Visitor: 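The structure's right below; bear with me while I get my questions together.
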Protein chains: 2
Amino acid sequence: MSQMLQIHDQLREMILSLDLGPGERLTERWLESRFEGSRTPIRAALVRLEGEELVRRDGRNWIVAPIDIGELEALAEFRIPLETTAVRLACARASAADIAGVEEMLDACQSGAPREEWHRVGTDFHVEIARLSGNPFIVKAIAGAMTRLSRARWLEVWTEPSREQAWREHRRILGFIEANDPEAAAREAADHIKDTRDRLLRSLNEDRRGLRARGFAVIGLR
Amino acid sequence: MSQMLQIHDQLREMILSLDLGPGERLTERWLESRFEGSRTPIRAALVRLEGEELVRRDGRNWIVAPIDIGELEALAEFRIPLETTAVRLACARASAADIAGVEEMLDACQSGAPREEWHRVGTDFHVEIARLSGNPFIVKAIAGAMTRLSRARWLEVWTEPSREQAWREHRRILGFIEANDPEAAAREAADHIKDTRDRLLRSLNEDRRGLRARGFAVIGLR
DNA sequence: TATCCCGAGTTGGTATCCCAAACAATCCAG
DNA sequence: CTGGATTGTTTGGGATACCAACTCGGGATA
């Protein structure tokens, strides 16, 4: 694989895992030494990440995109029509094997699993459901939305019961798709998105002081 | 503005206006002489355009993204839930002044207007409606979808009546928003998207031989 | 003491150079 | 005449050199 793609993927991972703090400045020279490559592939990776809005310009400088908590509501508003459409289409189009694949993914993540695993599955589930719709535009839009949500979800204080609830909701959505009940699946998906949004906002609001103290450039906290 | 952005915008314009044919190969060296800049900013512009899916890699080479007519259906399927949501939200949120602004845009495009004008307004209308929703994610998604549609719309054989019909439908959508009738607006928007899709597909299918003859790399014609 | 100004250092933007891989034309062997 | 090896050319990927603009101190001055 080209060096540029390696750097892109690594940098992306560092950003999404909060290894690099939101709002943190990135200098091309630092990245140069960090990745032991020249500025050419690094700049290409940065331009690419800019397109994914994981990196942004601040004047002439590069910064890690800040987390804007204000956009969480808009994000839910965006996801609801798309994901309800996705599950309806999935009812009509997904094969039993496709559904079983997603089910397997959920099963693979048991209570003992590490935090990273829960985080990943919680994101991928929605993308995989979108994939069942067979519509590539829906898939890409949902994948982008989940990427945007991803970092905020690391900041959430995860309790065992909330994890369990999310898991149950995922399970129920999938169940309705399997039972070929599009309207129930759509209702469940919309409720799940709202629940998740509320849980996240409540958690972040309670912890806002903690976030600031940990040095996160988090904007949009009201 | 940086040279890279200039090149990006110019190249983007050339692609969207079909100045550069879909599927056409782009060599960095040719672009270098064409834009009288060095390869560095050109490559940055290409990476950026790749993110917008207007340019694509074919092995090691760059090509102008082909037009995939097969994706027109998926595109409509994607737009319907988003745009119906957008008009519903617009009913709740758009100010009279905002609506008047869009109305003005429609009025500015009278029957005598050049083809480019109709094309532009026909695209921008949907983006502006999305903007009335106040949800930036919906705006970006619709803008992206309209960009993807844009080139196929140039290939459509535009008749005066079809233009008039599209204009009337736009007008009616806006009318329902103004009258604060979200469900009627949503119904009208969905119908309009389907009508447009059907018109476009019919036109392209009738003309497919003409398209091939004009040398367009058009994939997905069935 | 406060303020302004200048210069050293650092940054991203651009041009250019080198390289390995892909491609094509060519040339030789059969 | 044909097919395959070979070599020359062109391409994109990466490295590096240079530049203009910005940043930030420190010192001169009012």
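Residue numbering restarts at 1 for every chain, and letters A, B, ... go by the order of the sequence lines. Please read these numbers as outputs of a predicted model, since none were measured by experiment.
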Visitor: For B:Trp118, does the six-membered ring have the charged nitrogen or CZ of B:Arg163 within the cation-pi criterion, i.e. under 6.0 angstrom from the centroid and within 45° of the normal?
Guide: yes

Visitor: Distance check needed: C:dA22 P versus B:Arg60 CZ, whole Å only.
Guide: 7 Å

Visitor: Using whole Å, report how far CH2 of A:Trp62 lies from P of C:dT10.
Guide: 22 Å

Visitor: Whole-Å distance between D:dG12 C1' and A:Met4 CE?
Guide: 13 Å

Visitor: Expressed in angstrom and rounded to an integer, what is the separation of B:Ile7 atom CD1 from C:dA15 atom C1'?
Guide: 12 Å

Visitor: Over how many whole Å does the gap from B:Glu32 atom CD to D:dT10 atom C1' extend?
Guide: 13 Å

Visitor: Looking at every non-hydrogen atom in both residues, tell me the closest pair between B:Ile138 and B:Leu89 and how far apart they are.
Guide: CD1-CD1, 4.0 Å

Visitor: Between B:Ser38 and C:dT14, does any side-chain N or O lie under 4.0 Å from OP1 or OP2?
Guide: no

Visitor: State whether the distance check finds a donor on one side and an acceptor on the other, under 3.5 Å, for side chain B:Arg39 versus base D:dG13.
Guide: yes

Visitor: Given C:dT11, C:dT14, D:dG14, which nucleotide is nearest the side-chain atoms of B:Pro41?
Guide: C:dT14

Visitor: Would you say the side chains of A:His8 and A:Glu52 form a donor-acceptor pair under 3.5 Å?
Guide: yes

Visitor: Write down the distance between CG (B:Leu26) and P (D:dT10), rounded to a whole number of angstrom.
Guide: 19 Å

Visitor: Rounded to the nearest Å, what distance is computed from the CG atom of residue B:Asn61 to the P atom of nucleotide D:dT9?
Guide: 20 Å

Visitor: Describe the nucleic acid contact of B:Gly37 in one word from base, sugar-phosphate, nothing, applying a heavy-atom distance below 4.0 Å.
Guide: sugar-phosphate

Visitor: With distance as the sole criterion, do the side chain of A:Arg43 and the base of C:dG12 form a donor-acceptor contact below 3.5 Å?
Guide: no

Visitor: Find which nucleotide of DNA chain D each of A:Ser2 and B:Arg25 is nearest to by heavy atoms, and output the residue with the more 5' nucleotide.
Guide: B:Arg25

Visitor: What is the distance from CD of B:Gln6 to C1' of C:dG13, rounded to the nearest Å?
Guide: 13 Å

Visitor: Does the side chain of B:Ser17 pick up a donor-acceptor pair with the side chain of B:Arg151 at under 3.5 Å?
Guide: no

Visitor: Side-chain donor-acceptor pair under 3.5 Å between B:Ser133 and B:Arg88, yes or no?
Guide: no

Visitor: Assign A:Thr40 to base, sugar-phosphate, or nothing according to its heavy-atom contacts below 4.0 angstrom with the strands shown.
Guide: base

